[in-house]
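The structure appears right after this line, and notes come after that.
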Amino acid sequence: MSTYKSELLRLLEERGYIHQITDAEGLDALAARQVVPGYIGFDATAPSLHVGSLVQIMMLRRLQQAGHKPIVVMGGGTTKVGDPSGKDESRKMLTDADIDANIAGIREVFERLLTFGDGPTDAVMVNNDEWLSQLGYIELLRDVGPHFTVNRMLTFDSVKLRLDREQPLTFLEFNYMILQAYDFRELAQRYDCRLQMGGSDQWGNIVNGMELARRMDGRELFGLTTPLLTTADGSKMGKTAAGAVWLNEAQLPSYDFWQYWRNVDDRDVGRFLRLFTDLPLEEIERLESLEGAQINDAKTVLANEVTALVRGREAAETAAKTAAETFAGGGAGEDLPTLSVGAEGMRIGAALTAIGFTASNGEAKRKLAEGAVKLDGEAVSDPGHLVEIEEGGEVKLSLGKKKHGILRR
């Protein structure tokens with residue numbers, strides 16, 4: 001049984017979100033007593049977030065479900081600097097127009113998963129460029145600089161890792177942690193934000209912000225991190241051979257998004273149902289106890305539920321129908337990925353990579369040699385095989401049992 005009094009920490013604990021809390025007792029008492037505004041920051045480096053960010057988005061959803069106020073901070077300002085956490089190299093610089101366009105794309109997913117408005121527990125989305133771009137450099141150095149020591153900054157993993165590998169860490173990026181700390185203090189002043197949440201790699205940045213607010217304003221703030229999310233085979237969440245699993249339809253078709261969840265490792269099903277769906281815990285316990293081929297039923301539920309939350313119920317139903325038709329054999333559902341082939345045809349190895357089934361022509365060759373590739377149900381092993389299609393025709397391309405697509409002319 002949970003020892004927490006507040007609905008917030010009980011909910012986060014039983015669904016597997018808690019890794020570390022700066023002061024669990026203090027946060028628990030605060031959340032039991034009042035509405036707690038809490039924030040997570042997201043950088044705007046692409047027009048969509050990917051599955052690796054979904055646990056953070058869901059944590060904001062849980063915050064709201066427990067009667068508290070989510071603050072989504074878009075890093076319009078910090079994106080101009082670049083977070084060195086977990087990065088081997090510096091990011092490319094984006095223009096203000098790029099960043100604004102990315103924020104507009106990212107907002108779509110939050111609007112599905114959170115309720116925005118002016119009420120006490122309604123979510124708000126803010127852009128840290130609002131205050132960071134107003135800061136004068138000399139004033140920042142004078143007011144905030146004295147609260148950070150370079151000795152301590154050099155102990156943070158995000159900095160140490162780069163230096164140990166002799167990878168360049170620019171002075172611009174070195175300032176990221178100061179700006180993130182300043183964000184927490186600013187949000188505390190503007191919105192009475194008391195809690196910052198994030199992945200375990202953000203612990204140092206969160207603690208920095210708490211200490212800055214305590215030193216400058218005497219304010220008590222809290223931090224909570226989630227466990228580092230890896231799949232059962234140890235790989236990073238949201239990365240596949242074909243690339244990132246994007247949350248937005250424009251970057252990844254709903255059928256491919258659905259398939260990602262349908263194909264998760266058996267060992268991950270229960271954990272992912274807790275983190276990424278709103279299903280009751282008793283139902284999740286029933287689903288994760290299924291064995292043998294029946295575990296596939298649980299994976300289908302997982303795929304349907306996550307796709308419905310992120311893309312809408314209709315997208316989930318269409319993807320499930322397409323999968324059922326495809327796996328039943330012969331059917332080509334309307335939601336499968338498609339690739340246009342010109343009159344001159346296309347080599348099958350190139351087609352596998354172009355449609356996203358393989359990451360490279362080398363991988364395509366290996367899959368062909370293994371006999372894993374079929375055209376309209378017939379095995380093809382020659383990487384030089386030329387796929388030629390009549391005007392207005394189409395063929396079904398399959399890799400293994402789970403990846404299917406349509407080649408059209």
Side-chain angles (χ1 to χ4, degrees), residues 8-9 12 17-24 26-28 30-31 34-44 53 56-57 59-60 63-64 68-86 103 110 123-135 139-149 152-153 155-159 173-226:
L8 173 64
L9 291 190
L12 292 178
Y17 291 93
I18 298 176
H19 176 57
Q20 284 177 290
I21 306 177
T22 53
D23 170 9
L27 179 58
D28 191 35
L30 184 72
Q34 65 175 72
V35 171
V36 176
Y39 98 92
I40 300 179
F42 299 87
D43 272 351
S53 298
Q56 310 304 328
I57 301 171
M59 199 150 61
L60 288 172
L63 186 75
Q64 192 165 48
H68 301 282
K69 185 179 188 71
I71 302 172
V72 182
V73 176
M74 293 312 309
T78 35
T79 297
K80 295 173 186 174
V81 176
D83 182 0
S85 303
I103 290 173
F110 286 101
V124 291
M125 180 178 274
V126 297
N127 183 343
N128 66 10
D129 197 47
E130 259 178 62
W131 53 86
L132 294 181
S133 63
Q134 306 304 313
L135 289 172
E139 290 83 348
L140 179 72
L141 288 179
R142 281 175 62 100
D143 296 346
V144 179
H147 301 291
F148 290 83
T149 67
R152 179 134 190 259
M153 289 167 84
T155 66
F156 285 110
D157 283 347
S158 56
V159 173
E173 292 170 291
F174 192 55
N175 280 278
Y176 186 93
M177 61 183 81
I178 293 178
L179 295 180
Q180 187 171 329
Y182 190 85
D183 277 351
F184 199 0
R185 176 190 177 232
E186 187 73 23
L187 289 160
Q189 290 182 321
R190 288 180 178 225
Y191 297 98
D192 193 27
C193 180
R194 301 293 300 276
L195 171 66
Q196 184 184 353
M197 303 183 289
S200 56
D201 62 338
Q202 294 298 316
W203 179 256
N205 288 334
I206 291 171
V207 170
N208 266 341
M210 291 168 52
E211 290 179 355
L212 183 65
R214 191 182 71 241
R215 287 176 184 153
M216 292 185 80
D217 311 316
R219 226 179 242 268
E220 188 194 10
L221 305 179
F222 299 92
L224 186 156
T225 60
T226 54

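- Applying the side-chain hydrogen bond (donor to acceptor under 3.5 Å, both in side chains) criterion to R190, with sequence neighbours excluded, gives E130, E186.
- Checked by atom type and distance alone, the side chain of N127 pairs as donor or acceptor with a backbone atom of G76 at under 3.5 Å.
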**Report entry** side chain to side chain donor-acceptor pair (under 3.5 Å) assessment of Q196 paired with Q202
**Finding:** CA-CA 10 Å; Q196 184 184 353; Q202 294 298 316; 5.4 Å; no
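- Legend: residues meeting ring-ring contact (aromatic ring centres under 6.0 Å, His included) with F222, ordered by chain and number and at least two apart, are absent.
- Across all their heavy atoms, H68 and Q34 have their closest contact at CE1-O, 3.2 Å.
- When every heavy atom of H19 is checked against every heavy atom of S200, the shortest pair comes out as CD2-CB, 3.6 Å.
- In this structure, Y176 OH and N205 CG are separated by 7.0 Å, a value rounded to the nearest 0.5 Å.
- Looking at T22, its side chain does come within 3.5 Å of a backbone N or O of G223 through a donor-acceptor pair.
- Annotation: the span from Q64 atom CD to K69 atom NZ amounts to 8.5 Å, rounded to 0.5 Å.
- Contact annotation: the side chain of N208 never approaches that of M153 to less than 4.5 Å [non-hydrogen atoms, C-beta and beyond].
- Here D183 contributes atom CG and I178 contributes atom CD1; the two are 12.5 Å apart, rounded to the nearest 0.5 Å.
- A heavy-atom distance below 4.5 Å is not found between the side chains of L30 and L195.
- Of all heavy-atom pairs spanning A31 and V36, the tightest one is CA-CG2, 3.7 Å.
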Requested in this report: In sequence, state the C-alpha distance, the side-chain angles, and the governing distance for T79 and I103, and then conclude on side-chain contact (heavy atoms from CB on, under 4.5 Å).
Outcome: CA-CA 11 Å; T79 297; I103 290 173; over 6 Å; no
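- Taken from CD in Q189 to CZ in F184, the straight-line distance is 12.0 Å, to the nearest 0.5 Å.
- Between H147 and R215, the shortest heavy-atom distance links the atoms O-NH1, 2.9 Å.
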Query raised in the report: Run the side-chain contact (heavy atoms from CB on, under 4.5 Å) check on N128 and L179 step by step: do they pass?
Result: CA-CA 9 Å; N128 66 10; L179 295 180; over 6 Å; no
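- Annotation: Y39 is not in aromatic contact with Y191 [ring centroid separation under 6.0 Å not met].
- M216 and D143 get closest at one heavy-atom pair: CE-O, 3.6 Å.
- Rounding to the nearest 0.5 Å places CE of M197 at 10.5 Å from CD1 of I18.
- In this structure the side chain of V126 reaches within 4.5 angstrom of the side chain of L187, judged on heavy atoms.
- Here the closest heavy-atom approach between residue I71 and residue P37 is recorded as CD1-CB, 4.0 Å.
- Between V72 and F42, some side-chain heavy-atom pair lies under the 4.5 Å cut-off.
- Considering only heavy atoms from C-beta on, I206 comes within 4.5 Å of M210 through its side chain.
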Query raised in the report: Can you check side-chain contact (heavy atoms from CB on, under 4.5 Å) on L132 and Y182, steps first, answer last?
Result: CA-CA 9 Å; L132 294 181; Y182 190 85; 4.0 Å; yes
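- Remark: L60 CG to I40 CD1 distance equals 4.0 Å, nearest 0.5 Å.
- The main-chain N or O of G209 is never found under 3.5 Å from a side-chain atom of R185 such that the two would form a donor-acceptor pair.
- In this model, a donor atom of one side chain and an acceptor atom of the other lie less than 3.5 Å apart for T226 and Q56.
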